[in-house]
Amino acid sequence: MVIVLKENPNPEQVKNLERWLAGMNITTRIIEGMSSTVMGLIGDTSRVEIELIRSLDVVESVQRIQEPYKRANRKFHKSDSVISVGDVKIGGGHFALIAGPCSVESREQIIGIAKDVAASGAQILRGGAFKPRTSPYAFQGLRGKGIELLVEAKKETGLKIITEIMEISQLPLFEEVDIIQVGARNMQNFELLKELGKCQKPILLKRGLSNTIQELLMSAEYIMSEGNENVILCERGIRTFETATRNTLDLSCVPVLNSQTHLPVIVDPSHGVGIADYVRPMSLAAVAAGADGLIIEVHNDPENALCDGLQSIKPDIFAELSAKINELILILRK
């Protein structure tokens, strides 16, 4: 339920309303917008009499919310959320370009790629230290050493860094990581999500391979319900009957999510299609669809990459793509 308060509401009346609702085990959240103040109600609101609330002097209007997610819901938070990662902002008109290899392989590799993508306009460096792989015999990542190399690349280039966490026990290793990524396979690892909700680091939450948009938003709700509002949603392709690409990149989810949530939405075209030649057109299509950012796999030697070389583009191709992205953004903003 959402209660829209009248302009310049009386603070004492607002507190009285909050105390009354708390007596029914309902949590309230005040959101102050540009033109109105909204009180979001979280809990079992079935016993709340709408007409009684409407009759209060401090109340402008009341609306029941049918969706099970509350904190992520745009009805609770009309304006776009802007997630700050140091001096980098994501959402609310701020576009973020994230780039780097699928996995950290060596010091020379990650620092070299970091310098290349930074020179081409990327603000955030991606690179997997812990790699969840379908095969137990595939490269599993450098783990803690991989994070150390990412931190070194961060100091060399000034780029922010993002890498994926796989389980709660790894969290102490992420102290110097700027954004923690929750991969598609962990989107519904609810215990992990709740633990990440207790920290204040930005969380990049990837959509699961076969999950609905509502399920993605409910996973975001798990993080936000524990107090961490710094959630970024990521579309990375879903599993369908189509086999021409690795996954089916569902770009329709971008405008849908933009209408349903205030959280930033970014797109991962590399995992979405799994083929390097298709990354460029799908990146531009994602920007046109309204994405707040892109996360693109870039490798200096994709043919010999230890992980996902087929979907990684080379630094020179990324430089060309970055320029095209900037051109498109300028056109869309006219």
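Residues take their numbers from the sequence shown, with the count starting at 1.
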Checklist outcome for this item: dist Glu327:CD -> Ser322:OG (nearest 0.5 Å) comes out at 10.0 Å
Item to check | Non-hydrogen side-chain atoms of Leu173 and Glu148 separated by less than 4.5 Å | outcome: no
Item to check | Distance-minimising heavy-atom pair for Phe190 and Ser219 | outcome: CE2-OG, 4.1 Å
Item to check | SB check Arg246 Asp308 (cutoff 4.0 Å) | outcome: yes
Checklist entry - Is it true that atom CD of Glu175 has more than 12 heavy atoms of other residues, nucleotides or ligands lying nearer than 6.0 Å? => result no
Item to check | Heavy-atom side-chain proximity of Ile110 to Leu125 below 4.5 angstrom | outcome: yes
Checklist entry - Is the side chain of Arg107 donor-acceptor paired with the backbone N or O of Ile111 at a distance under 3.5 Å, no angle test? => result no
Checklist outcome for this item: One should read off an interatomic distance between Phe174 CZ and Thr163 OG1, to the nearest 0.5 angstrom, of 5.5 Å
Next on the checklist: Can you tell me how far apart CG (Leu193) and CD1 (Ile203) are? Round to the nearest 0.5 Å.
Outcome noted: 9.0 Å
Next on the checklist: Can a side-chain donor-acceptor contact be found between Arg185 and Thr134 if the only test is distance below 3.5 angstrom?
Outcome noted: yes
Next on the checklist: Please say yes or no: joined through hydrophobic side-chain contacts below 4.5 Å, possibly via intermediate residues, are Ile124 and Leu205 part of one cluster?
Outcome noted: no
Checklist entry - Can you tell me if His77 uses its side chain to pair, donor with acceptor, with the backbone of Ser79 under 3.5 Å? => result yes
Checklist entry - Looking only at heavy atoms, what is the nearest atom pair of Pro315 and His299, with distance? => result CD-O, 3.5 Å
Checklist entry - Taking Asn228 for the side chain and Asn230 for the main chain, is one N or O donor matched with an acceptor at less than 3.5 Å? => result yes
Checklist entry - Where do Leu149 and Ser106 come nearest, in terms of heavy atoms and distance? => result CD1-C, 3.9 Å
Item to check | Hydrophobic cluster (4.5 angstrom, side-chain heavy atoms) - remaining members for Leu310 | outcome: none
Next on the checklist: Could you measure the distance from the CG atom of Leu159 to the CG atom of Asp178? Nearest 0.5 Å is fine.
Outcome noted: 10.0 Å
Next on the checklist: Between Glu297 and Arg126 (salt bridge meaning N to carboxylate O under 4.0 Å), is one present in this structure?
Outcome noted: yes
Checklist entry - Are the side chain of Thr261 and the backbone of Leu257 linked by a donor-acceptor contact shorter than 3.5 Å? => result no
Next on the checklist: Rounded at 0.5 Å granularity, tell me how far CD1 in Ile98 sits from CD1 in Ile162.
Outcome noted: 5.0 Å
Next on the checklist: Checking Val279 against Phe318 for the side chain to side chain contact (heavy atoms under 4.5 Å, CB included) test, could you report, in this order, the C-alpha distance in whole Å, the side-chain angles of both residues, the deciding distance, and whether it holds?
Outcome noted: CA-CA 10 Å; Val279 169; Phe318 175 75; over 6 Å; no
Checklist entry - Looking at side-chain heavy atoms only, is the closest gap between Leu284 and Leu321 below 4.5 Å? => result yes
Item to check | Spacing of CE belonging to Met166 relative to CZ belonging to Arg143, to within rounding of 0.5 Å | outcome: 7.0 Å
Item to check | Hydrophobic cluster identity match, Val231 and Leu294, side-chain contacts under 4.5 Å | outcome: yes
Next on the checklist: For Glu242 and Thr240, which I'm curious about, is there any donor-acceptor pair between the side chains at under 3.5 Å?
Outcome noted: no
Checklist entry - With a cut-off of 6.0 Å (strictly less than), are more than 12 heavy atoms of other residues, nucleotides or ligands near CZ of Arg74? => result yes
Item to check | Shared hydrophobic cluster, Val38 / Tyr69 (ILVMFWY, side-chain heavy atoms < 4.5 Å) | outcome: no
Next on the checklist: Test of understanding: clusters of I, L, V, M, F, W, Y form through side-chain heavy atoms closer than 4.5 Å, transitively. Do Phe95 and Ile295 belong to the same one?
Outcome noted: no
Checklist entry - Apart from Ile331 itself, what residues make up its hydrophobic cluster when side-chain heavy atoms of I, L, V, M, F, W and Y under 4.5 Å apart count as a link, directly or indirectly? => result none
Next on the checklist: Quick one, Arg280 with Glu320, criterion side chain to side chain contact (heavy atoms under 4.5 Å, CB included). Give me CA distance, side-chain angles, the key distance, then yes/no.
Outcome noted: CA-CA 9 Å; Arg280 180 181 180 277; Glu320 294 173 9; 5.9 Å; no
Checklist entry - Taking the side chain from Asn189 and the backbone from Glu167, do they hold a donor-acceptor pair closer than 3.5 Å? => result no
Checklist entry - Does a side-chain N-to-carboxylate-O contact under 4.0 Å join Glu67 and Lys75? => result yes
Checklist entry - Can we say Lys194 and Glu226 salt-bridge, meaning some charged N sits less than 4.0 Å from an Asp/Glu carboxylate O? => result no
Next on the checklist: Just so I know, are the side chains of Ile296 and Pro269 near enough to count as touching, which here means a heavy-atom distance under 4.5 Å?
Outcome noted: yes
Checklist entry - Side-chain heavy atoms under 4.5 angstrom apart, residues restricted to Ile, Leu, Val, Met, Phe, Trp, Tyr: same cluster for Ile26 and Val62? => result yes
Checklist entry - Do Met1 and Ile50 have side-chain heavy atoms sitting under 4.5 Å apart? => result yes
Item to check | Min side-chain heavy-atom separation Thr157-Lys115 under 4.5 Å | outcome: yes
Checklist entry - Which atom pair, heavy atoms only, marks the closest approach of Ala276 to Ser312? => result CB-O, 3.6 Å
Checklist entry - Are Glu195 and Lys198 within salt-bridge range, i.e. N to O under 4.0 Å? => result yes
Next on the checklist: Looking at every heavy atom in both Pro202 and Val85, which two are closest together, and how far apart are they?
Outcome noted: CG-CG2, 4.1 Å
Checklist entry - Any chance CZ of Arg54 has more than 12 other-residue heavy atoms, nucleotides or ligands included, within less than 6.0 Å? => result yes
Next on the checklist: Do the side chains of Lys15 and Glu12 get close enough for a salt bridge, i.e. N-O under 4.0 angstrom?
Outcome noted: no
Next on the checklist: Please determine whether side chain to side chain contact (heavy atoms under 4.5 Å, CB included) holds for the pair Val117 and Ser120, giving the CA-CA distance in whole Å, both sets of side-chain angles, and the decisive distance to 0.1 Å.
Outcome noted: CA-CA 5 Å; Val117 298; Ser120 300; 5.5 Å; no
Item to check | Candidates Leu263, Asp292, Ile83 - the one meeting side-chain contact (heavy atoms from CB on, under 4.5 Å) with Ile232 | outcome: Ile83
Checklist entry - For Phe139, does the CZ atom have more than 12 heavy-atom neighbours from other residues, nucleotides or ligands under 6.0 Å away? => result yes
Next on the checklist: Please check this pair: side chain of Arg64 against backbone of Thr45, looking for a donor-acceptor N/O pair closer than 3.5 Å.
Outcome noted: yes
Checklist entry - Side-chain contact, heavy-atom cut-off 4.5 Å: Gln109 with Pro101? => result yes
Item to check | Residue among Asn186, Asp268, Asn211 satisfying side-chain hydrogen bond (donor to acceptor under 3.5 Å, both in side chains) with Lys206 | outcome: Asp268
Next on the checklist: I'd like to know if the side chain of Glu221 and the backbone of Arg71 have a donor-acceptor N/O pair within less than 3.5 Å.
Outcome noted: yes
Item to check | Residues Leu249, Tyr278; criterion side chain to side chain contact (heavy atoms under 4.5 Å, CB included); working and verdict | outcome: CA-CA 11 Å; Leu249 188 60; Tyr278 303 154; over 6 Å; no
Checklist entry - Any donor-acceptor pair under 3.5 Å linking the side chain of Lys201 with the backbone of Val177? => result yes
Next on the checklist: With heavy-atom distances below 4.5 Å as the criterion, would you say the side chains of Arg207 and Ile238 are in contact?
Outcome noted: yes
Next on the checklist: Determine whether a donor-acceptor pair (N or O, by modelled atom type, separation under 3.5 Å) exists between the side chain of Thr28 and the backbone of Glu18.
Outcome noted: no
Next on the checklist: When you measure from the side chain of Asp250 to the backbone of Glu235, do you find a donor-acceptor pair of N or O atoms at a distance under 3.5 Å?
Outcome noted: no
Checklist entry - Which pair of non-hydrogen atoms, one from Ile53 and one from Val48, has the smallest distance, and what is that distance? => result CD1-CG1, 3.1 Å
